[in-house]
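Let me begin by presenting the structure, written as structure tokens, before commenting on it.
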Amino acid sequence: MTEAHPGAAQLEQFRRCELSREKARGVVRHLLSGCASCQEVTSQWWPTSSHQDVVIRRVVSLNERDGRGYDYEQVFERLSEELLERKLELAEEQAVVPRLREDLSRHPVDRQLVLIQNSRRFQVWSLAESLLVDCQAQRPRNPEAAVDFARLAVAVAENLPADRYSEPLAHDLKARAWAELASAQRVRGQFPESEAAFEKARQWAADGTGDPIEKAHILWLEASLRVDLRDFDGALALLQRVIRTARRHGESHLWGKALISKGMCEGFRGQADDEIRLIREGVDLIDPGLDPRLVLVVRHNLIHSLVSAGRYHEALECIDEARALHHKLGNELDLIRFSWIEGRVYQGLGRTREAEALYRSAQDKFLKAELDYDAALVCLDLAAIYSCQGRHGEMKQLAEAMLPIFRSRQIGREAIAALLVFREAVEMEQVSLGLVREVAEHLRQLPGGEAQLRLRSGSQPSAAR
């Protein structure tokens, strides 16, 4: 959305092509943001559709590309024709998508891909968009399903009939589909595949409409991969490009998301105060209606950052709002992680009885879910309490219960070695709070460590490996 909301008089000037290039550009960007009141005013000028934004972007970008500048009278003449045509086509497409999805769902994914590649019936823009929506929804909770949805969307996008869709727009959709596939592969831990998919996305975007926001969105997703590969400098460079583009074009939501991602990246680098500042700047810019889960993720991770910085009283002030969001928008695993981080807040405030109860609950639930890394880290938080209180017997029980479980499951050698050091020290009754913290810090530095307390929206960086 633009900085200034255009009034009726300015919109009328825009319609008559009486605005300067700079002001007209700002109005176009504002209209693309989906402002309801402005859409009500402009709806009498041209038909509306969900493709209005991409059509406007296409026309504007093509005008820029061929050197004619912003001839808005010509733009809207072309828009009136294209949008009317697209509105009718889109209505037809959207009506058949549920049936297409139902027919595809009767087959395994590989068979669905064959059907998409060989039947024009499934080569429909709205089908690709529907699959990408499901990809984004599944990414945080079921990355494997997200990858499947993205593969299908890529197949649809790459088989769109050239006689039905404009080439630049089709290339934009291909770029978006490949970027979503790359993001889903990242969350699943398929890093080489994710890098290759992002390369595909960049190639298609280069041949698309040239829309800078489309390109910036791909860079934002790719920054998360750079974080997971622990290339923090590379991630920050990409995010800075996204921030510049989003700020220049008045895309507040993307600007806010990029600031939040930059903050999380700084957190992984150990810069907790910078992380807190950037997250707070970003949350003021995002639109909760566009991504409700992102609000939950940001609020949860802000508490994590405040705890890491030792700012426990500030973290406590955020607990009630975060809890309400968890119960409204979170899943079961989100709630377990929230009880864990809530325990760390209470532990930092010296409310150890409440912290212990929350840790025990989180530990039991993580073990039942076979989330061993998480359970190990919670055990060490419990051990820190026991060490301070001199409860050596309970610490022995904790150590004896931990190691057999983790040896029997997929836990790395370095983690096992750290837990062995801990258990041997417990048996010799030589455990200090310093040793507990040292072992816990070692585990957090291993793949999957420090990221465990955080939540992800599905596109957020995890630094998990």
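Q123 CD to E158 CD: the interatomic distance, rounded to the nearest 0.5 Å, is 11.5 Å. Atom CD1 of residue I116 and atom CG of residue L100 lie 9.5 Å apart, to the nearest 0.5 angstrom. Between the CZ atom in F149 and the CG atom in L181 there is a gap of 13.5 Å [rounded to 0.5 Å]. Taking CZ of R280 as the start and CG of L302 as the end, the distance is 5.0 Å to the nearest 0.5 Å. Put simply, CZ on F232 and CG on L239 are 12.0 Å apart, with the number rounded to the nearest 0.5 Å. Here the CH2-CD distance, from W178 to E180, works out to 13.5 Å after rounding to the nearest 0.5 Å.
For R139 and D134, the salt-bridge test fails: no basic side-chain N is under 4.0 Å from an acidic carboxylate O. Using a 4.0 Å cut-off between charged side-chain N and carboxylate O, R186 and E193 make no salt bridge. Salt bridge R277/D274: present, at least one basic N to carboxylate O contact under 4.0 Å. Using a cut-off of 4.0 Å between Lys/Arg side-chain N and Asp/Glu carboxylate O, D163 and R120 are scored as salt-bridged. The pair D103-R121 counts as a salt bridge, with a side-chain nitrogen and a carboxylate oxygen less than 4.0 angstrom apart. No salt bridge links R226 with D233; every basic N to acidic carboxylate O contact stays at or beyond 4.0 Å.
Contact between A150 and C135 at its shortest, heavy atoms only, is CB-SG, 3.8 Å. Closest approach of D334 to L296, counting heavy atoms only: OD2-CD2, 4.1 Å. Closest approach of Q185 and A197 over heavy atoms only: OE1-CB, 3.6 Å. When every heavy atom of L127 is checked against every heavy atom of F122, the shortest pair comes out as CD2-O, 3.2 Å. Heavy atoms only, all atoms of each residue included: L285 and G256 are closest at CB-CA, 3.7 Å. Taking each heavy atom of A205 and I218 in turn, the nearest pair found is CB-CD1, 4.0 Å.
S361 contributes no side-chain N or O that, together with a main-chain N or O of A357, makes up a donor-acceptor pair within less than 3.5 Å. Looking at N159, its side chain does come within 3.5 Å of a backbone N or O of A155 through a donor-acceptor pair. In this structure, Y359 contributes its side chain and C379 its backbone to no donor-acceptor pair below 3.5 Å. For the pair H253 (side chain) and D287 (backbone), a donor-acceptor distance under 3.5 Å is present. A donor-acceptor pair is defined here as one N or O able to donate and one able to accept, closer than 3.5 Å; such a pair exists between the side chain of S305 and the backbone of N301. The backbone N or O of Q190 lies less than 3.5 Å from no partner atom in the side chain of S194, so there is not a single donor-acceptor pair.
Side-chain atoms of L132 and E129, non-hydrogen and from C-beta on, never get closer than 4.5 Å to each other. Proximity of V156 to L160: side-chain heavy atoms (C-beta onward) are separated by under 4.5 Å at one or more points. Two residues are said to be in side-chain contact when any heavy atoms from C-beta on lie closer than 4.5 Å; L229 and F191 meet this criterion. In this structure the side chain of Y312 never reaches within 4.5 angstrom of the side chain of L306, judged on heavy atoms. Looking only at side-chain heavy atoms (C-beta outward), H304 and W340 stay at 4.5 Å or farther from each other. For the pair R111 and V114, the minimum side-chain heavy-atom distance is below 4.5 Å. In this structure, I286 and D291 have side chains that are not in contact, with every pair of non-hydrogen atoms separated by 4.5 Å or more. Between S166 and L169 there is a side-chain heavy-atom pair separated by less than 4.5 Å.
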Verdict with reasoning, R202 to E199, per side-chain contact (heavy atoms from CB on, under 4.5 Å) = CA-CA 5 Å; R202 288 193 298 271; E199 176 62 27; 2.4 Å; yes
side-chain contact (heavy atoms from CB on, under 4.5 Å) between L104 and L152: does it pass, once the steps are laid out?
-> CA-CA 10 Å; L104 285 174; L152 295 172; 5.6 Å; no
Quick one: do Q363 and K368 satisfy side-chain contact (heavy atoms from CB on, under 4.5 Å)? Show the steps, please.
-> CA-CA 9 Å; Q363 178 196 19; K368 287 178 182 176; over 6 Å; no
Stepwise side-chain contact (heavy atoms from CB on, under 4.5 Å) check, R311 with D273 | CA-CA 10 Å; R311 293 158 64 171; D273 288 337; 3.2 Å; yes
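Ring-plane geometry between H300 and F338 is classed as tilted, the angle between the planes lying from 30 to 60 degrees on a 0 to 90 degree scale.
For R99, the CZ atom counts as loosely surrounded, since its 6.0 Å shell holds 12 or fewer non-hydrogen atoms of other residues, nucleotides or ligands. Counting non-hydrogen atoms of other residues, nucleotides and ligands closer than 6.0 Å to CD of E167 gives a total of 12 or fewer.
Residues forming a salt bridge (Lys or Arg N to Asp or Glu O under 4.0 Å) with E266 (at least two apart in sequence, or on another chain): R269. Scored by the salt bridge (Lys or Arg N to Asp or Glu O under 4.0 Å) test, R241 finds no partners at all (sequence neighbours excluded).
Q271 and E275 share no side-chain donor-acceptor pair at under 3.5 Å. Side-chain contact, W204 with E214: no donor N or O sits under 3.5 Å from an acceptor N or O. When only modelled atom types and interatomic distance are considered, E342 and Y346 share a side-chain donor-acceptor pair under 3.5 Å. A donor-acceptor pair shorter than 3.5 Å can be found between the side chains of Q240 and K262.
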